[in-house]
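Everything on this sheet refers to the single structure shown next.
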Amino acid sequence: MSIGRREFLKGSALVGGAAALSGLVAGCSGGTKDKAKEASSSSVYPEGTTAEDFENSVVEVETITKFDDEKTYDIVVVGAGTAGVPAVLTALEEGASVACLQKESTAIANGNGSSGPILDESNEIGKLQYKQAWRKAGGYRMNPDLLDLYVEHAGEMIMWMLAQSDQVGLLPVTSKTRTDFDEGSYITVASNNFSPKPINNQTIMQKLADHAVELGADIFYSTPAVQLVVEDGKVTGVVGRSEGKYIKFNAKKAVIIAAGDYQNNDSLVARYSPDIVRFQKKQVNKTADGILMSMMAGGRMTPVNHAKTMHDMDAAPMFMTSYPFMALTMEGERFMNEDIPMESWDLSLQWNKDAEDPGHFCRIFDNDYMAKYGAKTPIATLENYIPGYKENPEGVYTSLIDTHRADTLDELASQLGIPANALKKSVEKWNEHCANGVDEEFGLAKDKMKPIDTPPYWGVRQWIRCSAINSGVVIDGFCRVLDKDDKPIPGLYSVGSGAGNICGGLEWNLYQGGLCCGSYMTMGRYAVIHALTGGLTPSHPASYADSTKYWKS
């Protein structure tokens, strides 16, 4: 069911330093370290947060005691997205009553892919070496319990998602990849991808949310969760707000927080991810509501650093980003070694102090790119990404394409919005480096330098933005929110991008595509299973034998 209209966010403000205050759990008593930091009533901000954090969120600090309505369920999920919708469907499958509070007027989910190891096509040493490969890719900072949860259970989730998707008539593009490590060591990872754009994970989650309602779930759209209900140290429910009215949702088993990250909460970004403050954010209303509610209940944030997803997959085919084409700022200057992978481009772009939005830059190459770079993307495919070149380019999200082609560098500069003299000077220097076999600016390897000398010339205008911040409150391998003593807060689970640190390192990486969304779907599904059963065994697990029909090989 749906209640009311969309709630609008409160105003936002940047902050300076962080406060160090003791938390006062909503609905419970507690002390303070600094009375001067108290709110207008007896409530205070939890340790590690400030007043500005809450001004940027819909969460309310002062304890709510009067309700206009009250409802009771076994499971209450906060957020209908990549992690929340699988949680709702799993609760139904396990025979539980379930409600979902969604701040937006529809389900919202990110990305288009997810992945998981298929244990029936893997062996034990392969799993161990796969985990080590992920640890290395994540800078050895990954939460080992969450990595175990993903490796042991994401494959079942992938197969389960195939069956769920089949029920609503939107099957993903599926694939399986086997990786052999040492002799006799192997693992197979399956991937589900919803494409082409604009079809993505949001499309399937909207369909599955509607399906969940048909099966008996109550989804309350335009009803943000504003506070957890805590009694004697246990989370027993959530307060939702709709059209100015407060609704108390009692949770007999658990509250599952799946409300997303904090990228639109300016003060938290300034504190925990300061290197992306100047970059644009691809999402909206991701204001740390679930994170702040969990911290009010005694949870805490994972240690810095927080992995972030900074990329551009819209202006040209994604696989074009793997080639070391010359990179220029919008002023026409080279700014990095072009061998840097996409997930780390922002680390070089952030030093462009003159740009209001440092995420804008261009890649330049010529018409002979296939022969020079061994590229597999033909010119006919790139033409799909030229604005207005084709009326309805197949498989392309036309509102975002930004690839350009011109017979002269002057023309190309005009199309890209780069000063022509600067672009031509940069191309001239690049070609000199290629002829000399030495990149005297950034040390790009000789075999990666290819002259730009065969018209027509190509330019891709890239826009690096933040898609997700993949860290949140500290959780264990069952997705239970942990307090300052690493003890689970009874009745409270957190899943998705606002929970834990499955990605580990500073940057999201491409070692195995789909881990982020795959792990979030797994967290949502298995947090509910644990809340209802105390274990990690589904009552109706997806069958490998039944799933083989979905894979081509």
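Residue indices begin at 1 and follow the sequence shown. Predicted, not measured: the structure shown is a model, and the values here were computed from it.
- With rounding to the nearest 0.5 angstrom, the CD1 atom of Ile529 is 10.5 Å from the NE2 atom of His540.
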Residues Asp166, Tyr550; criterion side-chain hydrogen bond (donor to acceptor under 3.5 Å, both in side chains); working and verdict: CA-CA 10 Å; Asp166 201 358; Tyr550 297 115; 2.8 Å; yes

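- Scanning both residues, Lys281 and Ile276, for their nearest heavy atoms gives NZ-O, 3.3 Å.
- If you look at Tyr526 and Phe478, their ring centroids are not closer than 6.0 Å.
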Verdict with reasoning, Gln206 to Thr106, per side-chain hydrogen bond (donor to acceptor under 3.5 Å, both in side chains): CA-CA 7 Å; Gln206 287 174 329; Thr106 186; 2.9 Å; yes

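- A side-chain donor from one of Gln167 and His211 sits under 3.5 Å from a side-chain acceptor of the other.
- Salt-bridge formation is not detected for the pair Lys286/Asp261: no Lys NZ or Arg NE/NH1/NH2 atom is positioned less than 4.0 Å from an Asp or Glu carboxylate oxygen.
- In plain terms, the two heavy atoms of Ile125 and Gly184 that are nearest each other are CG2-O, 3.9 Å.
- Here the side chain of Thr203 pairs a donor or acceptor atom with the backbone of Asn200 at under 3.5 angstrom.
- In this structure the side chain of Gln132 reaches within 4.5 angstrom of the side chain of Tyr140, judged on heavy atoms.
- Checking side-chain atoms of Ser519 against main-chain N and O of Cys516 turns up a donor-acceptor pair under 3.5 Å.
- Looking only at atom types and distance, the side chain of Glu104 has a donor-acceptor partner in the side chain of Asn285 under 3.5 Å away.
- A donor-acceptor pair is defined here as one N or O able to donate and one able to accept, closer than 3.5 Å; no such pair exists between the side chain of Thr82 and the backbone of Ala109.
- Side-chain atoms of Lys248 and Lys71, non-hydrogen and from C-beta on, never get closer than 4.5 Å to each other.
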Side chain to side chain contact (heavy atoms under 4.5 Å, CB included) assessment of Asp346 paired with Phe279: CA-CA 9 Å; Asp346 64 292; Phe279 290 88; 3.8 Å; yes

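- By the 30° and 60° cut-offs, the orientation of the rings of Trp551 relative to Tyr544 is tilted.
- Looking at every heavy atom in both residues, Phe54 comes nearest to Pro46 through CZ-CD, 3.7 Å.
- For the residue pair Tyr73 and Asp218, a side-chain donor N or O sits within less than 3.5 Å of a side-chain acceptor on the partner.
- Using a 3.5 Å distance cut-off with no hydrogens or angles, the side chains of Glu343 and Thr309 do not pair a donor with an acceptor.
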Working for salt bridge (charged side-chain N to carboxylate O under 4.0 Å, His left out), residues Lys103 and Asp289: CA-CA 10 Å; Lys103 181 165 65 173; Asp289 303 336; 2.7 Å; yes

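- Screening Leu228, Val98, Leu101 against Val76 for a side-chain contact (heavy atoms from CB on, under 4.5 Å) leaves a single residue, Leu101.
- In terms of heavy atoms, Leu149 sits closest to Cys479 at CD2-SG, 3.9 Å.
- Gln462 and Trp345 form no side-chain donor-acceptor contact under 3.5 Å, judged by distance and modelled atom types alone.
- With hydrogens and angles left out, the side-chain atoms of Thr174 and Asn192 include no donor and acceptor closer than 3.5 Å.
- The nearest pair of heavy atoms linking Ser494 to Val473 is OG-CG2, 3.6 Å.
- Donor-acceptor pairing under 3.5 Å is lacking for the side chains of Ser191 and Asn193.
- Under the salt bridge (Lys or Arg N to Asp or Glu O under 4.0 Å) criterion, Glu152 pairs with Lys127, not counting sequence neighbours.
- A distance of 8.0 Å separates CD of Gln280 from CZ of Arg465, quoted to the nearest 0.5 Å.
- In this structure, the side chain of Ser294 does not engage the main chain of Leu292 through any donor-acceptor pair within 3.5 Å.
- For the residue pair Asp69 / Tyr246, no side-chain donor-acceptor distance below 3.5 Å is found, with atom types taken as modelled.
- Looking at Tyr262 and Asp53, their side chains never bring a donor and an acceptor atom within 3.5 Å of each other.
- Without hydrogens or angle criteria, Glu94 side chain to Ser539 main chain gives a donor-acceptor distance under 3.5 Å.
- Checking side-chain atoms of Ser165 against main-chain N and O of Met161 turns up a donor-acceptor pair under 3.5 Å.
- Side-chain contact between Arg241 and Thr223 is absent, with no heavy atoms from C-beta onward closer than 4.5 Å.
- One finds no salt bridge joining Asp266 and Arg271 here, because no Lys/Arg side-chain nitrogen approaches an Asp/Glu carboxylate oxygen to under 4.0 Å.
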Ser267 and Asn56: CA distance, side-chain angles, deciding distance, side-chain hydrogen bond (donor to acceptor under 3.5 Å, both in side chains) verdict: CA-CA 8 Å; Ser267 56; Asn56 285 325; 3.2 Å; yes

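- For the residue pair Asn501/Thr302, the side-chain donor-acceptor check at 3.5 Å is not satisfied.
- Between the side chain of Asn264 and the backbone N or O of Gln283, at least one donor-acceptor pair lies under 3.5 Å.
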Working for salt bridge (charged side-chain N to carboxylate O under 4.0 Å, His left out), residues Asp74 and Lys252: CA-CA 5 Å; Asp74 294 319; Lys252 292 189 289 185; 3.5 Å; yes

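- Considering all non-hydrogen atoms of both residues, Gly290 and Ile257 come closest at CA-CG2, 3.5 Å.
- Using modelled atom types, no side-chain atom of Asp485 and backbone atom of Lys487 make a donor-acceptor pair closer than 3.5 Å.
- Atoms CG and CG, on Asp486 and Asp476 in that order, are 9.0 Å from each other to the nearest 0.5 Å.
- Taken to the nearest 0.5 Å, the SG atom of Cys503 stands 11.5 Å off from the CG atom of Asn143.
- At least one donor-acceptor pair under 3.5 Å links the side chain of Ser543 to the backbone N or O of Asp546.
- Looking only at side-chain heavy atoms (C-beta outward), Val78 and Ile256 stay at 4.5 Å or farther from each other.
- Going from atom CG of Asn123 over to atom CD of Gln129 covers 8.5 Å, rounded to the nearest 0.5 Å.
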Test side-chain hydrogen bond (donor to acceptor under 3.5 Å, both in side chains) applied to Asn470 and Ser497, step by step: CA-CA 5 Å; Asn470 305 291; Ser497 57; 5.8 Å; no

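- Between Ile75 and Ser97, the closest side-chain pair of non-hydrogen atoms is not below 4.5 Å.
- The side-chain contact (heavy atoms from CB on, under 4.5 Å) with Ser467 is formed by just one residue from the set Lys282, Lys308, Met310; it is Lys282.
- Judged by the 6.0 Å and 45° rule, Arg178 forms a cation-pi pair with Tyr186.
- Taking 4.5 Å as the limit, every side-chain heavy atom of Gln202 sits out of range of all side-chain heavy atoms of Phe194.
- Although no hydrogens or angles enter the test, the distance criterion places a donor-acceptor pair under 3.5 Å between the side chain of Gln227 and the main chain of Ile64.
- Using cut-offs of 30° and 60° for the angle between ring planes, the Phe220 and Phe249 rings count as perpendicular.
- Note that the CE atom of Met205 and the CG atom of Leu170 stand 11.0 Å from one another [nearest 0.5 Å].
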